[in-house]
Amino acid sequence: MPDSLFVCYDFKVEPLYPGCEILIAQLSELGFDSFQENNDGISAYIDSTILSSVNFEDIQILNSTDFDISFEFYNVKKQNWNIKWESNFEPIYVDETCCVRAPFHKKSNYKYDLVIEPKMSFGTGHHETTSMMISYLLEDDFVNCSVCDVGCGTGILAILAEKKGATSLEAIDIDNWCYLNSLENVSRNQCHHINVLEGDASLIDGKRFDVIIANINRNILLNDLSTYVTCLNKNGSLLLSGFYDSDCELIETTCNQLNLRLDKKLIRNNWVALKFVA
């Protein structure tokens with residue numbers, strides 16, 4: 001996997017906001033799995049083996065008169081982009097309690113000092129969706145809880161949940177790179193209760209959790225919500241993110257139909273994180 005050939009698309013976007021966010025969301029639905037924000041747009045990466053299935057006419061924003069978007073593309077080895085990304089990776093600090101840093105950064109004196117080697121996986125805390133999920137985890141009690149992180153990316157949220165006292169955890173991602181990256185980060189943070197699995201939400205069928213975390217795009221969430229609910233213990237919490245404020249009505253309606261109650265809503269730069277209670 002690390003030596004796979006990827007195709008990088010460099011998009012120039014005007015205006016940047018909300019153009020880049022909309023573009024990332026639409027590219028994610030077509031199989032692009034890694035993104036880097038630049039001064040004039042974004043770089044988006046996709047496995048060359050699935051590029052042939054992508055129809056650029058399905059990217060609605062490219063046909064919108066509200067945005068001026070151009071792009072060029074080239075082949076790249078995944079680890080080459082990783083080195084470039086890491087060189088710009090700065091620690092982040094959430095709610096004056098949690099620090100997320102790379103292995104080459106100095107240890108912080110924050111209560112929760114998380115060491116994340118991001119590679120090509122999503123989940124360093126820099127994106128609004130991840131930082132909002134971290135905020136939710138920081139405010140809740142996880143002592144002796146069972147937790148499932150679906151679409152775990154780097155494993156960052158499962159790692160924080162264990163640091164906060166969770167004793168039975170599963171971290172799941174369908175992407176092999178994320179699976180391997182999560183294994184590395186779980187070991188790096190000396191976590192002993194996280195079971196990392198490669199696959200989708202079907203892996204949790206028949207299991208039960210006190211908390212389920214899903215920071216994934218809207219369509220996958222809508223498809224998997226019923227699975228999450230059947231696996232959630234009574235009075236359990238479901239933390240959702242990875243979508244825009246404009247998607248909330250649809251997400252909330254579906255959750256209400258599944259007898260979930262909205263407990264809290266966070267918004268940052270039009271990205272949203274919702275907390276539901278069973």
- Linking I/L/V/M/F/W/Y whenever any side-chain heavy atoms sit under 4.5 Å apart, do Val147 and Leu114 land together? yes
- Message: Whether the side chain of Asn185 engages the backbone of Glu117 through a donor-acceptor N/O pair (distance < 3.5 Å, no angle test) should be reported.
- Response: yes
- Item | Residues Lys207, Asp205: salt bridge by 4.0 Å N-O rule | no
- Query: Can you tell me if Asp245 uses its side chain to pair, donor with acceptor, with the backbone of Asn270 under 3.5 Å?
  - Reply: no
- Task: Measure the spacing between CZ of Phe11 and CD1 of Ile59 and express it to the nearest 0.5 Å.
- Result: 5.5 Å
- List the atom of Gly31, the atom of Ile50, and the distance in Å for their closest heavy-atom pair. O-CD1, 3.8 Å
- Note on the structure: Rounding to 0.5 Å, atoms CG (Leu157) and CE (Met133) come to a distance of 6.0 Å
- Message: Looking at Cys178, is its backbone amide N or carbonyl O close enough to the side chain of Asp175 to form a donor-acceptor pair, meaning the two atoms are under 3.5 Å apart?
- Response: yes
- Apply side-chain contact (heavy atoms from CB on, under 4.5 Å) to the pair Cys255 and Leu225, showing each step before the final yes or no. CA-CA 7 Å; Cys255 287; Leu225 276 173; 3.9 Å; yes
- Query: What is the distance from atom CG of Leu27 to atom CG of Asp58, rounded to the nearest 0.5 Å?
  - Reply: 11.5 Å
- Task: Decide yes or no for Ile204 and Tyr228: does some side-chain heavy atom of the first lie under 4.5 Å from some side-chain heavy atom of the second?
- Result: yes
- Does a side-chain heavy-atom distance below 4.5 Å link Asn217 with Phe243? no
- Task: Verify the cluster assignment for Val100 and Leu266: are they in a single hydrophobic cluster under the rule of side-chain heavy atoms below 4.5 Å apart?
- Result: yes
- Query: Would you call Lys234 and Asp210 a salt bridge, using N to O less than 4.0 angstrom?
  - Reply: no
- Compare every heavy atom of Gly155 with every heavy atom of Ser182, then report the nearest pair and how far apart it is. OG-N, 3.3 Å
- Establish, from distance only, whether the side-chain atoms of Asp95 and Ser135 form a donor-acceptor pair under 3.5 Å. yes
- Message: Looking at Asn189, is its backbone amide N or carbonyl O close enough to the side chain of Lys163 to form a donor-acceptor pair, meaning the two atoms are under 3.5 Å apart?
- Response: yes
- Residue set satisfying salt bridge (charged side-chain N to carboxylate O under 4.0 Å, His left out) with Lys12, at least two apart, ordered chain then number -> none
- Would you say the side-chain atoms of Ser131 pair up with the backbone N or O of Val94, donor to acceptor, closer than 3.5 Å? no
- Tell me, do His193 and Ser168 make a side-chain contact under 4.5 Å, heavy atoms counted? no
- Query: Have Asp47 and Thr49 got a donor and an acceptor in their side chains that come within less than 3.5 Å?
  - Reply: yes
- Item | Minimum heavy-atom distance between Cys8 and Asp10, given as atom pair plus value | SG-OD1, 3.5 Å
- Message: Assigning hydrophobic clusters by single linkage (Ile, Leu, Val, Met, Phe, Trp, Tyr; side-chain heavy-atom cutoff under 4.5 Å), is Phe209 placed with Leu160?
- Response: no
- Task: Taking all non-hydrogen atoms of both residues into account, name the closest pair between Phe73 and Phe71 and its distance.
- Result: CD2-CE1, 4.4 Å
- Query: Is Ser146 close to Asn233 at the side-chain level, that is, under 4.5 Å between some pair of heavy atoms?
  - Reply: yes
- Query: If you look at every heavy atom in Tyr110 and Cys98, which pair is closest and at what distance?
  - Reply: CD2-N, 3.5 Å
- Message: I'd like to know if the side chain of Glu198 and the backbone of Asp173 have a donor-acceptor N/O pair within less than 3.5 Å.
- Response: no
- Task: Could you check Leu274, Asp263, Ile213 and say which one makes a side-chain contact (heavy atoms from CB on, under 4.5 Å) with Leu239?
- Result: Ile213
- Task: Check whether any side-chain heavy atom of Phe67 lies under 4.5 Å from a side-chain heavy atom of Glu14, and answer yes or no.
- Result: no
- Message: Quick one about Thr230 and Arg208 (side-chain donor to acceptor, distance below 3.5 Å, no hydrogens or angles considered), yes or no?
- Response: no
- Query: Should Leu222 and Val229 be counted in the same cluster of Ile, Leu, Val, Met, Phe, Trp and Tyr side chains packed under 4.5 Å apart?
  - Reply: yes
- Query: So, the side chain of Lys164 versus the backbone of Leu138: is there a donor-acceptor pair under 3.5 Å, distance only?
  - Reply: yes
- Task: Find out if a path of hydrophobic residues (ILVMFWY) with successive side-chain heavy-atom gaps under 4.5 Å connects Val277 to Ile251.
- Result: no
- If we ignore angles and hydrogens, is there a donor and acceptor under 3.5 Å between the side chains of Glu128 and Asn269? yes
- Query: Side chains of Cys99 and Tyr93: closer than 4.5 Å at any heavy-atom pair?
  - Reply: yes
- Message: More than 12 heavy atoms of other residues, nucleotides or ligands under 6.0 Å from NZ of Lys265: yes or no?
- Response: yes
- For Ile216 against Leu221, the heavy-atom pair lying closest together: O-CD1, 3.6 Å
- Query: Does any non-hydrogen side-chain atom of Ile92 lie less than 4.5 Å from one of Arg101?
  - Reply: no
- Item | Side-chain (Glu162) to main-chain (His192) donor-acceptor, under 3.5 angstrom | yes
- Message: Hydrogens and angles aside, do Asn215 and Thr129 bring a side-chain donor and acceptor to less than 3.5 Å of each other?
- Response: yes
- Message: Centroid separation under 6.0 Å, is that true for the rings of Phe56 and Tyr9?
- Response: yes
- Query: With no hydrogens and no angle check, is any side-chain donor or acceptor of Thr227 less than 3.5 Å from a backbone partner on Ala201?
  - Reply: no
- Any side-chain heavy-atom pair of Tyr179 and Leu197 under 4.5 Å: no
- Task: Among Leu232, Thr254, Leu240, find the residue that satisfies the side-chain contact (heavy atoms from CB on, under 4.5 Å) test when tested with Leu260.
- Result: Leu232
- Query: Are the side chain of Asn256 and the backbone of Glu252 linked by a donor-acceptor contact shorter than 3.5 Å?
  - Reply: yes
- Task: Evaluate the side chain to side chain donor-acceptor pair (under 3.5 Å) criterion for residues Thr154 and Asn181: first the C-alpha distance (whole Å), next the side-chain angles of each, then the deciding distance (0.1 Å), finally the verdict.
- Result: CA-CA 6 Å; Thr154 61; Asn181 188 204; 5.5 Å; no
